[in-house]
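This report concerns only the one structure given below.
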Amino acid sequence: MSQFWKPGTERPQGRVVDDEEGGLLFLFGSHHSSSARHGYASIEKQRQRLPVSKYRTAILYLVETHATTIIVGETGSGKTTQIPQYLKEAGWATGGRLIACTQPRRLAVQAVASRVAEEMGVKLGEEVGYTIRFEDVTKPDVTVLKFLTDGVLLREMMDDPLLTKYSVIMVDEAHERSISTDILLGLLKKIQRRRPELRLIISSATIEAKSMSDFFRMRKKRRETENKDDGPQVEPAILSVEGRGFNVQINYAEEPVQDYVQAAVSTTLLIHEREPAGDVLVFLTGQDDIDAAVQLLTDQVQTTGKHSSGLIVLPLYSGLPRADQELVFSQAPRGKRKVVISTNIAETSLTLEGIVYVVDSGFSKQRFYNPISDIENLVVAPISRASARQRAGRAGRVRPGKCYRLYTEEYFLNHMPNAGIPEIQRSNMVSCVIQLKALGIDNILGFDWPASPSSEAMIRALEVLYSLGILDDDAKLTSPTGFQVAEIPLDPMVSKMIIASSQLGCSEEIITIAAVLSVQSIWISGRGIQKESDEAKLRFAAAEGDHVTFLNVYKGFHQSGKSSQWCHKNYVNYHAMRKVLEVREQLKRIAKRIGLVLKSCESDMQAYSHDGMYKTLRGSQEVYIHPSSVLFRVNPKWVIYHSLVSTDRQYMRNVLTIDPSCLLDAAPHFYKLQQSNHLLF
DNA sequence: GAGCACTGC
């Protein structure tokens, strides 16, 4: 076993930027190198060296004199929270305009905002505020520094496409390449040409800094042919800051690993036997793997006796009940070692303190969208080198750590992809297309993305939006339907359902259903309680299907006075129901604003058995009713579904029985009746 | 009789 591991030979990362294209270049030393201890950094171009304490000067110098766009390449330096403060100090919120800083996650927005407010000694919600969905902690005319999710900034653009409220926009964590971030970057590049005075600061991992800079650098041809005033005055400048994380020693498997769950377990035991105190974080792919690993570890600890005891093994994934999730934050008792076995949730979303050892399986579950079949799959896929470095970095937060990679160095260097495929290239584009259309971008296929989605995905999205009556024959938003759908922050199919319900006089009910469909699941599930929860579900089951069942649950919850005990008793997820209430309130506000009629249909709500196999009208695919549905084994002749889950079969989740003539009424432009009385697409 | 990487509006 001791021969199993081989230390990595890769040289320290960083210092990869160059200034050939004329951008200013700053390079800062690492906090732990000797030069950094004295705080030196260098401006290569000017052959000058700046103390790290002059970081502020550097940023302001760039902003004031040269760059409209600054790319900050950094690796967990913690410096990005300082940039907004410098900008505010220097009065960069000009002419009553604000400085905006985006993050991809709500929690990060709240955390960064309160940290900055604290550092500046001001009350959160005054000069420094934040906005996330359902929560606006800002004060008009007082707030200067505003933190927000990139999704919220995109929504703001629908009222103010040029973002005239802001003089500086900083996009943090751009390397994560979330859909919202990519759309935002594409739009910001466009805005820059109309607003040359707008300053952009894009913060990304060092390895992505160069490609971010390339994206914002205007193409040579265009630069020559266009008036100077139209575009950014100078090339993007790159400013690079090396992380202050501690050194993490990387170890690779000597041979390819056959079973990464088993390998993760043995590696953890080896760490426990041979390494000094410090918690272990193991990255696996999903609930199944994690539960299996927890079981194996617990078993082996019990059978191998004394020297292996003292391990506290905890699973971590988002589907875990809230109380179990919180266990991973508790400190291990003296003399005990905590082992957290986690999904990707611990890679970016949650930060665990006290981790010294990381075990990286090299895999994660990723979503892939197939535009031909219109199906999203969740598959176990190899992670990227960027991800592997991020995972390893989790071991160096409190002191020097070690990372054990369950793959060979040869694989890491020669076969692992450098960066992951951006989410936008792995997703259904329906929501993106409608958002861009709402912002007045007609030439969707020619949009300048940081990474272009496939044309098949774009065409499929246009087709779906046409079938919903959201786009017309010229691919323009229909009025009012298309514009109304764009205002509603839901899957466009669900938004269209709300608009139709307004005309059919049942919008109160449909808004409830839409809110339930927008949360993960309102049912509590888990090992050992299937029988009870199934029985509880039957108490709400409606003959029409899952959607009407949701109405029954909502009604019961409402009548109980929104009680958590009622939820507990009925195996309903209380946190999910709270979110349903929030979404429902937001939908009511939006419905009112866009002129929909809110009306209840009161109680005016209205099978053939076969082998359980269905064929989709569009594409003739074999699909089955998911066993979690109240219509499982009822098998009505015609059903519509909200989503497909693909495992060994394609399962329809959230199913409703219908009369096929509904389809003709709802979408006469899309469905035709064949002579033999069969529906045709 | 099955299953859910993770976000976000």
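This one's a predicted model, so the numbers in the text were calculated from it and none came from an experiment. Numbers restart at 1 for each chain; the letters A, B, ... are given by sequence-line order, proteins then strands.
In this structure, CG of N377(A) is placed 14 Å from C1' of dG3(B), rounded to the nearest angstrom. Computed from coordinates, the R653(A) CZ to dG1(B) C1' distance equals 15 Å when rounded to whole Å. Look at CD1 on I524(A): it is 21 Å from P on dG3(B), rounded to the nearest Å. If you measure from atom CD1 of I488(A) to atom C1' of dC9(B), you get 12 Å, rounded to the nearest angstrom. Rounding to whole angstrom units, CD1 of residue I183(A) and P of dT7(B) are separated by 19 Å. In this entry the distance linking CG of L320(A) with P of dG3(B) reads 19 Å, nearest Å. Per the geometry, CD belonging to Q325(A) stands 13 Å off C1' belonging to dC4(B), to the nearest Å. Straight-line distance from the CD atom of Q366(A) to the C1' atom of dT7(B): 14 Å, rounded to whole Å.
Checked against dA5(B), dA2(B), dC9(B), the side chain of Y651(A) finds its nearest nucleotide in dA2(B). For L378(A), whose side chain is taken as the heavy atoms from C-beta onward, the closest listed nucleotide among dC6(B), dC4(B), dG1(B) is dC4(B). Distance from the side chain of S628(A) is smallest to dA2(B) among dA2(B), dC4(B), dC9(B). Closest contact between the side chain of D534(A) and the listed nucleotides dG3(B), dC9(B), dG1(B) involves dG1(B). In this structure, of dC4(B), dC9(B), dT7(B), it is dT7(B) that holds the atom nearest to the side chain of R105(A).
Using modelled atom types, no side-chain atom of D150(A) and backbone atom of S180(A) make a donor-acceptor pair closer than 3.5 Å.
For K146(A) and E156(A), the salt-bridge test passes: some basic side-chain N is under 4.0 Å from an acidic carboxylate O.
Among the protein residues, T149(A) comes within range of the sugar-phosphate backbone only, with heavy atoms under 4.0 Å from sugar or phosphate atoms but none that close to a base.
Within residues 345-352 of chain A, the residues that place at least one heavy atom under 4.0 Å from DNA chain B are, in residue-number order, I345(A), S349(A).
Neither OP1 nor OP2 of dC6(B) sits under 4.0 Å from any side-chain N or O of S364(A). Contact between the side-chain N/O atoms of R106(A) and the OP1/OP2 oxygens of dC9(B) is found at a separation under 4.0 Å. For S180(A), no side-chain nitrogen or oxygen approaches OP1 or OP2 of dG8(B) to under 4.0 Å.
Aromatic ring centres of Y624(A) and Y614(A): separated by at least 6.0 Å.
Inspection of the R397(A) and T351(A) side chains reveals no N or O donor paired with an N or O acceptor under 3.5 Å. Between N344(A) and R391(A), the side chains place a donor N or O and an acceptor N or O closer than 3.5 Å (distance only, hydrogens not considered). In this structure, a donor-acceptor pair under 3.5 Å is absent between the side chains of T181(A) and E173(A). No hydrogens or angles considered: nothing links the side chains of Y369(A) and N377(A) as a donor-acceptor pair under 3.5 Å.
For the pair T343(A) and V152(A), nearest-nucleotide mapping onto DNA chain B gives the more 5' position to T343(A).
H415(A) and Y411(A) have parallel rings, their planes meeting at less than 30° on a 0 to 90° scale where 60° marks the start of perpendicular.
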